[in-house]
Number of protein chains: 2
Amino acid sequence: MSTDTPAAEPVSGARSLPHPGREEIRLAQVLHALADPMRLRIVCVLAAAEGELSCADIELPVSKSTCTHHFRVLREHGVIQQFYRGTAKMNGLRRADLEALFPGLIDGVLRAAGLQERRLGER
Amino acid sequence: MSTDTPAAEPVSGARSLPHPGREEIRLAQVLHALADPMRLRIVCVLAAAEGELSCADIELPVSKSTCTHHFRVLREHGVIQQFYRGTAKMNGLRRADLEALFPGLIDGVLRAAGLQERRLGER
DNA sequence: ACGTTCATACGATAGGCATCGTAGTACGGC
DNA sequence: GCCGTACTACGATGCCTATCGTATGAACGT
């Protein structure tokens with residue numbers, strides 16, 4: 001029990017963001033979260049960054065409110081973690097939780113996304 | 001070009017079932033196809049069978065028409081192959097195509113599905 | 001205190017989709 | 001030729017969701 005992510009974060013006095021606990025995460029929901037091109041892109045960027053990024057750091061061809069929507073879906077389905085730092089909202093992949101539940105899955109998806117992008121883009 | 005699946009099957013005189021060619025298959029669509037509990041179950045059964053199964057061989061807690069719908073989604077998104085044998089429609093996973101496009105992905109999903117089922121069912 | 005920046009909430013809209021039931025079509029056996 | 005079996009097509013329904021714009025709120029710097 002040393003690698004688990006706190007299901008309920010210590011609400012730091014700021015706005016609170018509900019995350020599902022590790023045990024709450026369901027495969028079908030994770031797949032659904034990843035099955036949207038925008039969200040897949042978000043997850044790829046987040047994975048490449050290897051750390052936290054603010055929402056504004058990830059450029060998407062949609063409006064701001066739609067962006068908020070996609071980030072919320074990813075959070076509520078257990079794919080990413082979010083917390084506020086000042087006015088910015090930081091985002092990070094929940095790698096440890098996903099790896100514990102579905103070993104290899106996320107890496108497989110990320111790899112597949114990279115391969116497809118290379119295949120479709122550069123030819 | 002020796003391992004590719006025929007994009008257009010030789011319509012054997014029977015009802016024809018359009019399949020996407022290997023190059024047509026998109027990751028987001030595959031994930032979407034897998035992101036439904038019914039379809040995930042179908043795929044798991046099909047993978048375990050290691051061969052072709054008729055639609056009726058896979059019992060689902062939904063009506064027949066809904067069943068048809070799910071099989072069609074899986075076929076149109078490139079996850080399964082279908083063909084008629086007499087009155088029965090046979091189904092098979094497109095393992096080779098999926099493996100070529102997204103190596104390891106399907107196995108990862110199947111493994112994750114198995115793990116989750118064991119985790120949620122037996123405890 | 002004020003304005004700027006970042007992100008949210010809310011309402012609206014349009015399209016997608018999982019589900020059903022009923023009626024119909026194709027094939028095989030009698 | 002007729003019937004049963006297996007699946008499809010079509011239409012309906014209700015929910016979910018991706019998108020937007022506008023108005024609002026929270027934190028920071030000056």
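Chain letters run A, B, ... following the sequence lines, proteins first, then strands; residues in each count from 1. Note that this is a predicted model, so its numbers are computed, not measured.
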Residues passing the side-chain hydrogen bond (donor to acceptor under 3.5 Å, both in side chains) test with B:R41, sequence neighbours excluded, are none
Contact list for residues 78-88 of chain B, test salt bridge (charged side-chain N to carboxylate O under 4.0 Å, His left out), sequence neighbours left out
none
Would you kindly compare B:R75 and A:T87 by the position of their nearest DNA chain D nucleotide and give the one closer to the 5′ end?
B:R75
Atom-to-atom span, OH of B:Y84 to P of C:dT25 - whole angstrom
14 Å
Heavy atoms from C-beta onward define the side chain here; which of D:dA9, D:dA6, D:dC28 lies closest to that of B:A88?
D:dA6
Go through residues 26-34 of chain B and report each residue with a non-hydrogen atom lying under 4.0 Å from DNA chain D, sorted by number.
none
Counterpart residues, side-chain hydrogen bond (donor to acceptor under 3.5 Å, both in side chains), relative to B:H77 (two or more places apart):
none
Among residues 35-54 of chain A, which ones have heavy-atom contacts with DNA chain D below 4.0 Å?
A:D36, A:R39
Quick one: list whatever passes salt bridge (Lys or Arg N to Asp or Glu O under 4.0 Å) with B:D57, sequence neighbours left out.
none
Could you pull out all residues at least two apart from B:R95 that satisfy side-chain hydrogen bond (donor to acceptor under 3.5 Å, both in side chains)?
B:D107
Examine C:dA7: is either OP1 or OP2 under 4.0 Å from a nitrogen or oxygen in the side chain of A:R72? Give yes or no.
no
Rounded to the Å, how far apart are B:E76 CD and C:dC17 P?
10 Å
Partners passing side chain to side chain contact (heavy atoms under 4.5 Å, CB included) against B:P18 (at least two apart in sequence or in another chain)
B:R75
Ordered by number, residues from residues 55-66 of chain B within less than 4.0 Å of DNA chain D (heavy atoms) are B:C55, B:A56, B:K64, B:S65
From NE2 of B:H77 across to C1' of C:dG16 the rounded distance in Å is 11 Å
Compile the donor-acceptor pairs under 3.5 Å between side chains in residues 45-52 of chain B and protein atoms, sequence neighbours left out, one pair per line.
none

Minimum heavy-atom distance B:L115-A:P103, with the two atoms named:
CD1-CD, 3.5 Å
Would you confirm whether B:N91, through its side chain, and B:Q82, through its main-chain N or O, come within 3.5 Å as a donor-acceptor pair?
no
For A:T66, what residues pass the side-chain hydrogen bond (donor to acceptor under 3.5 Å, both in side chains) criterion, not counting sequence neighbours?
A:S63
Report the nucleotide, chosen from D:dA27, D:dA18, D:dC7, that has the shortest atom-to-atom distance to any side-chain atom of A:H69.
D:dA18
I need the CZ-P distance between B:F71 and D:dA9, as an integer number of Å.
15 Å
Taking the side chain of B:H70 as heavy atoms from C-beta outward, which of C:dA18, D:dA18, D:dC7 is closest to it?
C:dA18
Would you give me the side-chain donor-acceptor pairs under 3.5 Å for residues 30-37 of chain A, sequence neighbours excluded?
residue	atom	partner	partner atom	Å
A:D36	OD1	A:M38	N	2.8
A:D36	OD1	A:R39	N	3.4

